[in-house]
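Step one of this worksheet: look at the structure below.
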Amino acid sequence: MLALDPETPIAYHRINSILRRATRTKDMPMQRYDAPSIEAKWQEAWSAAETFKAVRDPSKPKYYVLEMFPYPSGRIHMGHVRNYTMGDVIARYKMSTGHNVLHPMGWDAFGMPAENAAMAIGGHPKDWTYNNIADMREQMKPLGLSIDWSREFATCDVEYYGQQQALFLDFLDEGLVYRKNAVVNWDPVDMTVLANEQVEAGRGWRSGALVERRELTQWFFKISDHSDELLSALDDLDNWPAKVKLMQENWIGKSRGLQFAFSTIDAPDGHDRIEVYTTRPDTLNGASFVGISPDHPLAKQLEKDNADLAAFNEDCRQGGTTAEAIETAEKKGYDTGLRVRHPFDTAWELPVYIANFILMDYGTGAIFGCPAHDERDFEFATKYGLPITSTYLPSEESSPKLEEAYVPAKTEKVFYNGGFAGAQWQTGNEAINAAIAFCEENGIGQGVTKYRLRDWGLSRQRYWGCPIPVVHCSTCGVVPEKKENLPIELPYDVTFDTPGNPLDRHPTWRNCNCPNCGSPAQRETDTMDTFVDSSWYFARFTSPDADTPVNMADAEYWMNVDQYIGGIEHAILHLLYSRFFARAMQITGNLPAKAIEPFDALFTQGMVTHAIYKSEGDNGRPVYHYPEQVDLKDGKAFLKDGGAEVEVIPSAKMSKSKNNVVDPLNIISAFGADTARWFVLSDSPPERDVEWTASGAEASFKHLGRVWSICHRVSQMDPNTKGDGDENLLREMHKAIRDVTLGVESFGFNAAIAKLYGFTNTLAKSKASHSAQRQAVMTLAQLMAPMTPHLAEDIWAHQGGEGLIIDAPWPTPDEAMLVESNVTLPIQINGKRRGEITVPKDMPKEEVEKIALSDEAVIRTLDGATPKKVIVVPGRIVNVVV
RNA sequence: GCCCAAGUGGCGGAAUGGUAGACGCAGGGGAUUCAAAAUCCCCCGCCUUAACGGGUGUGCCGGUUCGAGUCCGGCCUUGGGUACCA
């Protein structure tokens with residue numbers, strides 16, 4: 001049975017020789033699972049048959065599966081293996097269910113690490129990046145992924161970023177891009193802009209200087225114009241995780257509130273009003289102070305003749321730009337001495353404070369503080385001795401004197417002791433609406449809808465990114481480059497020996513002629529945020545060689561991405577920006593309307609973690625040791641060199657800087673790709689983190705070896721062998737088909753693998769006939785094929801399967817074989833399990849109850865007590881209540 | 001600070017509101033072997049019991065329910081994001 005029938009029609013003539021090699025094992029039977037030769041052989045077979053080349057074919061349903069493309073750090077890690085294996089399982093499964101599958105791969109290749117490497121170790125970011133890509137591609141290929149490598153590209157390819165520049169010009173044309181001032185982290189020593197991650201505890205990572213917030217003119221995408229659309233369209237993303245949609249919803253942050261003004265008393269000219277936006281106008285009677293941002297125009301005006309105040313503002317502007325840094329800083333205020341009148345009562349005056357926690361970016365940069373119903377305001381009021389006046393209470397009897405801010409849910413009914421609109425007892429939401437209506441009627445303010453989402457600043461003062469294709473002309477101003485002049489290519493001759501953007505100091509690159517008037521002009525030296533690169537790569541994969549950003553016919557066929565897979569860390573920015581880009585590309589005629597939501601289904605997978613081994617170096621700095629440098633004893637770790645004990649930090653995200661990275665290549669060379677793939681799928685649910693353990697990988701290898709020898713044994717059987725238990729084996733086989741199919745379709749890979757273990761155990765013990773066992777083995781191979789494709793192909797060939805297993809149709813379970821006639825019901829007494837009975841599946845409740853109550857263990861436990869109630873859940877459980 | 005998750009044996013984890021711990025690892029015992037490796041079989045939450053059994057148990061506190069790992073409220077811890085890491 002080992003040999004292929006020479007008459008077997010094989011569709012792929014080019015792989016005949018490879019298949020023949022596989023059958024040659026009849027003459028020289030391999031006694032052991034030999035992963036390296038199996039894997040090389042089948043990768044060659046797939047490559048020869050061009051199995052994974054995606055070609056438009058309107059006669060087949062298409063399926064586009066995409067994993068978030070990697071940053072080319074130079075080494076693949078287990079996180080990549082996990083990510084791409086999951087996508088591969090889906091891709092291969094879909095191929096065997098008759099789909100025309102697109103499964104591409106590329107590189108998110110611009111970004112800071114390349115420049116950091118150039119600064120740290122010399123060399124050029126371009127060389128570093130392309131070398132890394134070549135290395136990583138070579139590391140990825142042995143995994144046997146079903147990728148169409150002919151579509152590969154890197155975002156730093158000039159063919160890609162040139163098209164991105166064309167997109168930018170289209171967006172600019174359509175009014176989707178504009179310039180405005182925004183704050184950046186400024187390192188006053190290195191005289192350069194820092195990324196947030198380059199600011200450590202308020203200081204520049206290289207210079208150690210205190211970082212300042214400084215304003216620069218920057219390019220922005222008008223994503224905020226699409227806030228409401230991006231929000232409401234979330235409702236239709238049925239196959240996205242609810243948590244991601246919720247995070248995006250909160251990020252967009254739609255709110256209904258009141259915009260109104262406090263009139264000032266004796267304020268500088270032009271500042272007779274302070275505009276305020278509040279989502280809690282119902283608490284206006286609890287107002288205690290007005291707070292403005294240190295960057296508010298009034299604050300800046302006051303700076304001019306108040307050195308003390310100017311120093312306070314200066315102090316507030318120190319530190320990084322992140323919301324986290326600003327909001328976790330100690331709350332500080334400065335009493336400007338100015339006062340404003342309360343809109344309800346002109347005799348009621350409130351002080352105006354500058355406060356460091358108020359962001360100029362959100363709302364109007366000014367708030368009114370209501371300490372009774374806001375924890376931050378409460379803290380502030382307590383610190384500066386400001387009044388705390390409640391406007392609502394939990395009950396009429398509650399004391400209006402508060403020990404802490406009272407902040408109930410807006411859906412909760414509360415008693416308004418300081419209300420001015422609506423009922424005395426009402427929910428926060430009711431009160432807010434009533435307050436807005438009241439203020440509108442009385443000409444105090446206006447109900448407005450605001451969004452937290454800010455426009456997307458895309459300017460980066462860095463070299464290794466896509467140049468922004470505009471020109472600065474002394475007569476024409478900011479002028480878009482002409483499309484025929486694209487691509488604006490990055491110059492290669494740059495150095496990284498001094499901080500700052502090399503494009504700024506390049507002797508000639510900046511010089512150009514104004515596309516408008518032709519006079520000498522200068523290029524923009526800002527490059528684009530790398531999120532721009534990753535916001536449309538999925539569309540480019542449908543036509544990677546097109547001389548426009550996207551070929552519409554290809555996009556029309558392949559879009560949308562049917563299954564997108566990536567890390568939860570991209571839940572907000574990358575995915576929101578991509579959703580915006582799909583809209584902007586549609587507006588500018590670069591994507592068909594059907595692709596407005598580019599990702600039909602999203603799956604967010606967890607990280608691969610590994611213990612960190614840490615000790616302290618001579619200079620007090622932490623030293624991280626590689627796993628292969630330590631010995632483990634009783635949960636403790638000791639250095640192989642010297643035996644000193646090191647600290648073990650369990651389950652940490654694998655990170656190059658922490659040296660806790662397990663190199664997939666070592667695993668593949670020791671056990672094979674199928675083992676690595678099997679392990680990353682088997683041990684944890686895919687949305688959760690998985691801890692890499694050496695013993696787990698070994699166990700996977702042993703299991704695959706066991707599967708191989710079972711199949712080998714079956715292939716050695718006499719085809720006429722009769723046996724017992726055929727029906728039982730085939731029943732288990734059909735159950736396995738059902739469960740594994742469900743597992744693969746629902747991303748329950750670990751559960752699917754548990755079923756495969758179970759089915760393998762059944763098969764191993766089976767004494768069934770050869771024909772039944774062969775059927776079971778071939779089905780097992782098919783069910784394993786998406787996960788361990790090489791082993792599956794090998795088994796298939798050994799059993800005389802037709803062609804490649806990847807081309808064989810996915811098995812379907814026989815419903816008749818899945819029906820069980822009896823069920824075992826546990827019997828509970830007062831919710832505790834006391835016994836069990838086995839009854840026919842469709843026995844009426846009354847009879848089940850009778851049998852349950854006559855069960856020996858039940859009678860013993862009841863001990864004469866009369867049941868008050870018996871609950872029979874058919875097919876599930878019986879609960880006797882006494 | 002704010003937003004979103006997660007927390008179950010020694011470990012990874014399983015469980016449409018219905019027998020908590022499937023499956024795997026580690027561990028223990030046994031078979032095979034001159035011996036080992038490999039393989040195969042059995043046991044394996046904790047406490048208690050000679051045993052049958054009983055008690056207890058899903059981060060903590062409380063609630064809903066005949067019944068809660070699962071639903072609700074409040075915490076704790078860990079992780080992700082927080083707009084220039086990708």
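Just so you know, these numbers use all the heavy atoms, side chains as well, and skip hydrogens, waters and symmetry mates. Every chain is numbered from 1 and lettered A, B, ... according to where its sequence line falls, protein lines coming before strand lines.
Nearest-nucleotide mapping onto RNA chain B: of W251(A) and T328(A), the residue sitting toward the 5' end is T328(A).
Between rC40(B) and R706(A), a contact under 4.0 Å exists linking OP1 or OP2 to a side-chain N or O. For K832(A), no side-chain nitrogen or oxygen approaches OP1 or OP2 of rG55(B) to under 4.0 Å. Taking only side-chain nitrogens and oxygens, N879(A) never comes nearer than 4.0 Å to OP1 or OP2 of rU19(B). Taking 4.0 angstrom as the limit, N250(A) places a side-chain polar atom (N or O) nearer than this to OP1 or OP2 of rC4(B). In terms of phosphate contacts, N750(A) brings a side-chain nitrogen or oxygen within less than 4.0 Å of OP1 or OP2 of rA14(B). Phosphate contact (OP1/OP2 of rU82(B), side-chain N/O of T322(A), threshold under 4.0 Å): absent. Taking 4.0 angstrom as the limit, R452(A) places none of its side-chain polar atoms (N or O) nearer than this to OP1 or OP2 of rU82(B).
For the pair D455(A) and K222(A), the salt-bridge criterion is not met [side-chain N within less than 4.0 Å of a carboxylate O]. In this structure, E330(A) pairs ionically with K383(A), as a charged nitrogen and a carboxylate oxygen lie closer than 4.0 Å. Between E379(A) and R376(A), no side-chain nitrogen of the basic residue sits less than 4.0 Å from a carboxylate oxygen of the acidic one, so the salt-bridge criterion is not met.
Rounded to a whole Å, the CG atom of L246(A) is 17 Å from the P atom of rG81(B). If you take OH of Y406(A) and P of rG74(B), they are 13 Å apart, rounded to a whole angstrom. Atom-to-atom, CG of L742(A) to P of rU16(B) comes out at 11 Å; the value is rounded to the nearest Å. To the nearest angstrom, P of rC25(B) lies 11 Å from CD of E698(A). Per the geometry, CD1 belonging to I829(A) stands 14 Å off C1' belonging to rG67(B), to the nearest Å. For the pair K245(A) NZ and rC4(B) P, the interatomic distance rounds to 15 Å; values are reported in whole Å.
Spacing between rG59(B) and rU77(B) at atom C1', rounded to whole Å, works out to 8 Å. A distance of about 24 Å separates the C1' atoms of rG53(B) and rG18(B), rounded to the whole Å. For the P atoms, the distance linking rC4(B) with rU56(B) amounts to 37 Å, nearest Å. Using P as the reference atom, rA36(B) and rU32(B) are 12 Å apart when rounded to the nearest Å. If you take atom C1' in rA35(B) and the same atom in rA31(B), they sit 15 Å apart, rounded to whole Å. With both ends at atom P, the span from rA50(B) to rC61(B) equals 31 Å, rounded to whole Å. Distance check on atom P: rU70(B) versus rA20(B) gives 14 Å, rounded to whole Å. rC44(B) sits 11 Å from rC52(B) when the P atoms are compared, rounded to a whole Å.
For an aromatic pair to be called close, the ring centres must be under 6.0 Å apart, and Y160(A) with W536(A) satisfies this. Not less than 6.0 angstrom separates the ring centroid of F538(A) from the ring centroid of Y564(A). F679(A) and F701(A) have their aromatic ring centers separated by at least 6.0 angstrom.
A cation-pi arrangement is absent between K331(A) and F380(A), since the terminal nitrogen or guanidinium carbon is not both under 6.0 Å from the aromatic centre and inside a 45° cone about the axis.
Because its glycosidic torsion is within 90° of 0, rG9(B) is reported here as syn.
Pairing each heavy atom of F378(A) with each of A405(A), the nearest pair is CD1-N, 3.6 Å. Pairing each heavy atom of A114(A) with each of T129(A), the nearest pair is CB-OG1, 3.6 Å.
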**Prompt:** Starting at the 5' end of RNA chain B, what dot-bracket string do you get if Watson-Crick and G-U pairs under 3.5 Å are bracketed, crossing pairs use [ ], other-strand pairs use | and unpaired bases use dots?
**Reply:** (((((((..(((.....[....))).(((((.......))))).((((....))))..(((((..]....))))))))))))....
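The side chain of E324(A) lies closest to rU82(B), out of rU19(B), rU82(B), rA86(B).
Within 4.0 Å (heavy atoms only), G111(A) reaches sugar-phosphate atoms of the nucleic acid but no base atom.
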